[in-house]
Amino acid sequence: MADVQGLVNDFATKLSKRKVEGSRETARMTAELLRTVISQQKMTSSTNHAAVLIDAVRGVGGRLIDANPVELAVGNIVRRVLYIIREEELSLQAGELTLSSQDSDREIDEEDDKLFLSSAATYQRILHPPSLATLLGSKTDTPPACHPSASRNHDIEGKADKSPSSLTLKRHIMEAVNDLIEDIKTCHEQIADQAVELIHQNEVVLTLGHSRTVKKFLCAAKEKKRSFQVVVAEGAPKYLGHVLAKGLAAKGLQTTMIADSSVFAMISRVNMVVVGVRAVLANGGVIAPVGINMVALAARKHAVPFVVVAGTYKLCPLYPNNPEVLLNDMRCPSELLSFGEFSDCIDFSIGSEAPLLHVLNPAFDYVPPELVSLFVTDTGGHTPSFIYRLISEFYSADDLALQQKLLPESEHSNSI
Amino acid sequence: MDARRASRTVIDPKVRQVGFFTPNAETAPSRTLSGPPIASSPPLSSSPASNSLYPVMIPPSRHLSDTIAIRTAALPVPESASRRKEAGERVPVGSYNPSESLLGTSPVTASPSSRVGDATLEFSDESSVRWYRRSDSGKLASSFPGGGFDSATVKAPLEVPEKSGEEVSKEQKEVPSNSEPLKSKTTTKAERRALQEAQRAAKAAAKAEGKKPAAVTRGGAPGKPAKQSLQKRDPPPVASSVAASDKKGGDRPPEKERKKDVPPPRMQFDDKNRVDKAKRRAVVNQTEAKNRVELFRHLPQYEHGTQLPDLESKFFQLDPMHPAIYKVGLQYLAGEISGGNARCIAMLQAFQEAIRDYTTPPEKTLVRDLTAKISSYVSFFIECRPLSISMGNAIRFLKSRIAKLPLTLSESEAKSTLCSEIDRFINEKIILADKVIVRHAATKVRDGDVLLTYGSSCVVEMILLYAHELGKQFRVVVVDSRPKLEGQALLRRLVAKGLSCTYTHINAVSYIMHEVTRVFLGAASVLSNGTVYSRVGTACVAMVAHAFCVPVLICCEAYKFHERVQLDSICSNELGDPDAIAKVSGRTDVNYLDNWANKENLQLLNLMYDATPSDYISMIVTDYGMIPPTSVPVIVREYGREHLWA
């Protein structure tokens, strides 16, 4: 356990120091960490295994999210894992239920009535992914439903021999988490497979900054013998566009590198904008490297399709509120102004009460859903208005509020 | 003397061809005043062939000796077009190549005018061409005593009248064909005036045609490329059309041709022939950039940083270049002077000095010779860096002033008039205009405002400082972008004056735009469809401001307005040094593209300007007041003419 704690601490420190670059890397590392957490979690005989796991994951997830609240991928993965645990628990429970209901058919008492109700609910949730109706209803329905089922579960486990069920539960969960990790690793390929359908011969594609997904996407189209040009905006202040341009040119794509300020000038000759993003929000808006909002606006002005490529691990079940500020990071001002050059100004300002010179270097942009034409995810292409639905497939309604609960950290720990 | 005469005579016919060449010139000789130089000469009819000659002929000559050589080569064969052609072609090979760099003149002249796009320029070019011819021929004669040329001559008779140009010319108005050469040489005051009148009347029509003949003359290369060269920057403005019409009135092309040639040709650098020719004549040795961007083939893409030492070494060989001009040219090249106003003022002041030191060579008139000189200077500037529109307008102004000098003035008077005109232009159109703009714009700054500006515009800077002096409480957001990072200098100056500033880069503009209440932007030019042509990135800022419903105020002096129209930033633009994109200043960690030139699939594009569509612009603050972008054509039309002709 101490071992896990150490790992969690390490990762949290890395996150808070922004040492983990890229949401994919973050997602993968989070998933792996949670896998370790789950595997190391001791199952005490008296408690409900699933609940224990959920608590553990939530606890770790809360710390990670606090370490970098802006990195939405962490929260996404935590939610995904929670959802997996819940699902496995339910399916296990359902299996037991069917068994137990067959066994004890004739024992009809109040408790079983209750159980039956809840089991009906669980069936529903297992067999049918939540529809809009259940989503809406879940707020009111599920908590009461959950509780009895949990308690019942506890009862069942108390009666039954704990080891087999807890082991299977854990095994199932581990498998599912492994699948998740695998998904994260391979989602590029699944996205890239769709490239040929979207990129046509002789087109000009514009992108900004560097995204591995975009690179794979473009290269996949190139490998399918599409010949097209790519215009890469460099993406200040990180200038990772240079890396992308270099990589694309090495793959034989005709690449033109431009400064960010030329985006508007060039976009009139561009057929499609393809960008990678940091996170996709529930309303279909995206959090993306800084500058992409400008590209999106220019694309809309010229009616150029604005395509976002994103793995499903970037789907975040949050509706944004002032995302430019609340979901943003400020990078070091020295990326824009060298301190040496402006030291006189800075010194000057220190003397007075309010500094004269501010340097702003935000890391992300928020692009509202109106500006996005299409999301290409590993599950296919989707419009912004469909994102909420995808989210309901990947997350449990109980976990959507994860962050809000976690934010007041002390209360959270107290309540649990 | 004989030799001289002979040579001249020989030359004259050619001259005529150059200036007025139109295939059908003879058909429409009628325009009384303007026509004179052109119409008669029979050689014109042989146009296609003669066109090919032009490259050779055109030389706005800095390097008399070289040009002379060329000419001499060309001279002997005036009669048959085909023969001439040969000569012309031969010339570049023989005479040009050895002293390539020096010879640059003729293409140069062509290009400058084309860029500037105004008729005055063209006009001047033609005139300059003619003049040069003459002067050259004179020189020729002197330098090449071997009168052998004379034998080849065509029409010797006319020389005499030339000497006493003015009187003769008057008389000759009536004389249809042969007398023309004389007229071409000098137009009297009266003539000119008459021309002006005529032009005004026939402005619109003239525009279209005017360009064509000019183009032809200029483009030394075979006809087509020549046209393209003209196109380079802009369709000639009103004034230009006027000027053109003056000159050319006589030989208007017939309707068909006119229609064909309506799009005014600009130099398109994707035309190989044309570029080659231009290259041979260039003063500044430009190496073509590697990995050129396909989309921008039509713009010159040169390697940067190679020309300077080369040009420096040539300093003493470029004798006809005035040192002041040379200095300013080098400053353009090195990027020491940038910004529309600064460049324009530097250029005008250099012209001023050049004019002060100018003396009219014997047997020439100040008007023509000076115009030609200016043209050659302009072409030099263009080689250093493509002209800005503001400079083009200033040049147009200067040339119109020179053209309108009363012939009665003595040389010194004329020079002092011109100098004071230039001073007046700088004061009225730039300095005073800026003051007016500052006054206007400052009324739009309220307490508590957050003003955003992009890059570094001197007018905007003045506005901010003035508003600060007025005691208004506001914050400034300076948005900057690579590779020029001009905003840093502005930021430093503003902070030094005690303004509260926020600095950020262009990508973050949509982050900062929430708190901004006004956007003040400068402009390199405002085009007559309301498009603002400005430092690249301006369009992005204006677009984001528009999306956030923040008013965008463009601050631009009216002399930068131009009547041309533009829809995107691609058709006409300027390309900067691509290496500047690869290197990120102050960031040693960003070195991914260190030797990008070796990668054949990778191009770097450094655009200098972009065009902001007028829907993003709330208001244009100019010296005539604050106007909506839709009113730009009015200003261009009403005041543009006044500034050239009043």
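Note on naming: letters A, B, ... go to the chains in the order of the sequence lines (proteins, then strands), and numbering restarts at 1 for each one.
Proximity to chain A is limited to the side chain of V509(B), based on heavy atoms less than 4.5 angstrom apart. With a 4.5 Å cut-off on non-hydrogen atoms, K251(A) does not touch chain B at all. With a 4.5 Å cut-off on non-hydrogen atoms, D480(B) does not touch chain A at all.
Considering only heavy atoms from C-beta on, I258(A) stays 4.5 Å or farther from L607(B) through its side chain. E234(A) is not listed as a side-chain neighbour of Y592(B), based on a closest heavy-atom distance of 4.5 Å or more. Counting heavy atoms from C-beta outward, H514(B) and V325(A) have side chains that stay 4.5 Å or more apart. Proximity of K599(B) to T255(A): side-chain heavy atoms (C-beta onward) are nowhere separated by under 4.5 Å. Considering only heavy atoms from C-beta on, S510(B) comes within 4.5 Å of D365(A) through its side chain. In this structure, H505(B) and V290(A) have side chains that are in contact, with non-hydrogen atoms separated by less than 4.5 Å.
Of all the heavy atoms in F264(A) and A539(B), the pair that sits closest is CD2-CB, 3.2 Å. When all heavy atoms of S261(A) and C540(B) are compared, the closest pair comes out as O-SG, 3.8 Å. Of all heavy-atom pairs spanning M543(B) and L297(A), the tightest one is SD-C, 3.6 Å. Of all heavy-atom pairs between A249(A) and N601(B), the closest is O-ND2, 3.4 Å. Across all their heavy atoms, A236(A) and N507(B) have their closest contact at O-ND2, 2.9 Å. Nearest approach of I581(B) to H242(A), heavy atoms of both residues: O-CE1, 3.2 Å.
Ranked by heavy-atom pairs under 4.5 Å with chain B, the first of V231(A), I267(A), N293(A), L336(A) is L336(A). Chosen from S268(A), S262(A), S334(A), A250(A), the residue pairing most often with chain B at heavy-atom distances under 4.5 Å is S262(A). The most heavy-atom pairs under 4.5 Å with chain A, out of D610(B), N606(B), T538(B), I570(B), come from I570(B).
In this structure, Q603(B) contributes its side chain and Q254(A) its backbone to no donor-acceptor pair below 3.5 Å.
K472(B) NZ: more than 12 foreign heavy atoms inside a 6.0 Å radius.
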